[in-house]
Amino acid sequence: MLKKYFRRLESIIALAQSLMTPKQFIFLSSVLIGISCSLAVIVLKTFAHSVFSFATYINGILKLSFINSILPIIGILLTVLVVNKVLNGSIQKGTSQILYAVAKKASIIPKKQMYAQIVTSSLTVGLGGSAGLESPIVITGAAFGSNFAQNYKLPYKDRTLLIGCGVAAGISAAFNAPIAGVLFAIEVLLVDVSISAFTPIMISAATGALVSAIVLDETILLSFKTQQTFDYHNIPFYIILGVLTGLTAIYYSRNFQKVEHYFSKLEIGPYKKAFIGSSLLAILIFIFPTLFGEGYESIKTLSETDPGALLDNTLFADFRNNNWVLLLFVGATMMVKVFASGLTIGSGGNGGNFAPSLFLGSYLGYFFSKFVSLTGLSKLPIGNFTMVGMAGILSGLFHAPLTAIFLIAEITGGYGLMIPLMIVSSISFAISKKFEKYSLDVKGLAKKGHAFTSNKDSNILSTLDIDTIIQCDYLTVHPDENLSKLVDLISHSNQVVFAVVNNDKDLVGIVHFNDIREIIFNTYRVKYTKINDVMKTPAATIFSNDSMEIVMSKFEKSKTAFLPVLRNGKYYGIISKSIALEAYRTKLRSMTIE
């Protein structure tokens with residue numbers, strides 16, 4: 001019955017496509033994708049919130065504090081089971097796969113990503129894994145956009161645009177923050193977007209936020225209604241918070257990767273790995289219960305009037321009214337969060353680092369402002385620092401300051417904190433960027449040689465294949481031959497540069513037509529001059545495994561138009577700078593979303 005309904009819907013959409021202009025159909029598509037993504041968000045968020053409420057109820061009524069530790073073990077083991085039995089033993093994690101799909105896979109994202117992320121992340125995070133749902137939501141939205149475009153045979157540019165629509169709708173629905181959704185899609189994921197492409201992305205984000213606001217209970221979303229007025233006297237403390245969030249973002253990024261790398265190197269079965277990792281996670285959650293799940297409920301608690309409620313039903317419940325014990329608990333939780341998230345994802349669970357970054361930022365903001373207040377240095381608005389800290393970590397971890405600023409501005413219900421948000425986010429981003437070239441999600445791609453950054457030129461160059469521009473049919477000459485041989489080759493070809501190679505195909509030099517222009521008109525000198533006498537050492541040499549960014553850098557430094565290529569130490573061909581630039585321009589046109 002359901003299958004029949006979807007077929008009828010597809011036929012209606014196909015009819016609409018035939019009656020509309022391409023631009024009109026993109027607008028319709030952005031609405032449909034926005035609705036689809038928001039429904040996925042509703043399912044995920046509702047399930048995660050229901051499990052959290054259940055665990056809280058059990059803890060409060062039956063005093064079974066260990067239930068929070070048991071559920072994540074079950075969730076991660078079930079996730080691994082689904083991955084191995086349903087998803088053919090593998091699932092891609094992290095938003096970096098969207099970047100890779102756009103650049104290397106013609107914006108084609110597998111169909112299974114439309115449901116795989118929802119199922120696995122709901123089991124992992126919904127049952128208490130210490131990670132976030134936003135990354136799976138973003139991937140699901142991108143998969144919706146890509147497969148919708150494939151289904152209706154839309155070209156690459158439109159597929160990429162609809163991926164952006166899905167991403168924007170996902171973030172927008174998850175936080176009821178349409179501006180942040182648009183900025184995240186553009187700032188973090190899409191390589192290049194023209195002004196005209198903003199419209200469908202904004203439509204999709206607005207649709208996602210609207211459906212989410214109508215259907216989802218406001219208590220499920222991360223939102224704040226209370227904040228104090230910004231006081232410019234606190235600017236020095238916001239500057240310090242910016243520095244702290246930047247350094248903490250670096251701490252999180254490096255240690256998360258260490259934990260994940262450690263588990264990836266363990267040569268044991270997936271179920272055993274999942275059990276070991278989830279058991280360690282269970283111990284952390286038993287000691288620090290706020291590590292359970294996304295942690296958004298504890299973020300709200302910190303920003304409210306009774307943060308001591310965090311200690312309820314914990315080993316430290318007797319100290320709920322002791323500010324210093326609460327401060328130590330918050331600080332310790334903040335420091336071990338990275339290991340909880342690393343264990344969750346590294347051991348086989350599925351989730352992202354978006355929610356952990358907000359968790360970490362709020363805890364850091366609270367810790368810093370509460371410490372300053374308790375020591376009597378100044379009376380700071382703790383709620384404001386708790387919220388602004390989230391923007392700092394998000395900006396530093398994802399290298400996305402605009403997304404961080406507007407996300408927190410939207411979920412706090414206004415722009416009263418815009419100045420401190422800008423201060424903290426920009427400082428955190430600058431510090432993180434100084435010590436970490438790539439954001440957390442892009443690091444994995446960088447290690448594989450597929451780095452994508454905010455530098456558009458680097459992004460495009462990284463997508464070009466050097467083999468497509470190497471010219472292997474260039475004529476070569478031998479160093480012992482007379483110049484007359486070279487003159488003959490010049491007169492019968494359009495080459496202006498010749499590689500000089502010996503009998504073993506070793507590159508021994510290069511001859512450019514401009515260097516011998518005066519000689520070739522002197523018959524005597526042509527007859528009695530060896531190529532060995534006029535050849536020059538190449539200004540630079542390209543290796544066949546060099547990236548295009550390295551190739552263009554060598555062209556820039558050598559100030560030459562042709563460079564020889566070596567493969568396995570032997571001469572292989574010539575690369576022309578003009579051909580390389582033409583390949584760049586062609587790729588730029590194909591990747592620009594209009």
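FYI, the numbering just counts along the sequence from 1.
- For the pair Pro564/Ile510, a side-chain contact is recorded, criterion being any heavy-atom separation below 4.5 Å from C-beta on.
- Note: Gln17 CD to Lys153 NZ = 9.0 Å, rounded to the nearest 0.5 Å.
- Ring-centre distance between Phe144 and Phe148: not below the 6.0 Å cut-off.
- Looking at Ser357, Ser426, Ser425, Ser432 one by one, the single match for side-chain contact (heavy atoms from CB on, under 4.5 Å) with Ser395 turns out to be Ser425.
- The CD1 atom of Ile542 sits 9.5 Å away from the CG atom of Leu566 when rounded to the nearest 0.5 Å.
- Taking the six-membered ring for Trp, Phe354 and Phe359 have ring centres at least 6.0 Å apart.
- Taking 4.0 Å as the cut-off between side-chain N and carboxylate O, Lys570 and Asp506 count as a salt-bridged pair.
- In this structure the side chain of Leu489 reaches within 4.5 angstrom of the side chain of Lys485, judged on heavy atoms.
- Counted by atom type alone, Thr79 and Thr124 present one or more donor-acceptor pairs between their side chains at under 3.5 Å.
- Taken to the nearest 0.5 Å, the CG atom of Asn532 stands 12.0 Å off from the CG atom of Leu483.
- The aromatic ring centroids of Tyr438 and Phe398 lie 6.0 Å or more from each other.
- Cation-pi geometry between Lys577 and Phe562 is not met at under 6.0 angstrom from the ring centre and within 45 degrees of the axis.
- Note that CD1 of Ile201 and CD1 of Ile186 are 4.5 Å apart. Values are rounded to the nearest 0.5 Å.
- The shortest distance between side-chain heavy atoms of Ser204 and Val31 does not fall below 4.5 Å.
- Residues Phe543 and Arg567 fail the side-chain proximity criterion, which asks for heavy atoms closer than 4.5 Å.
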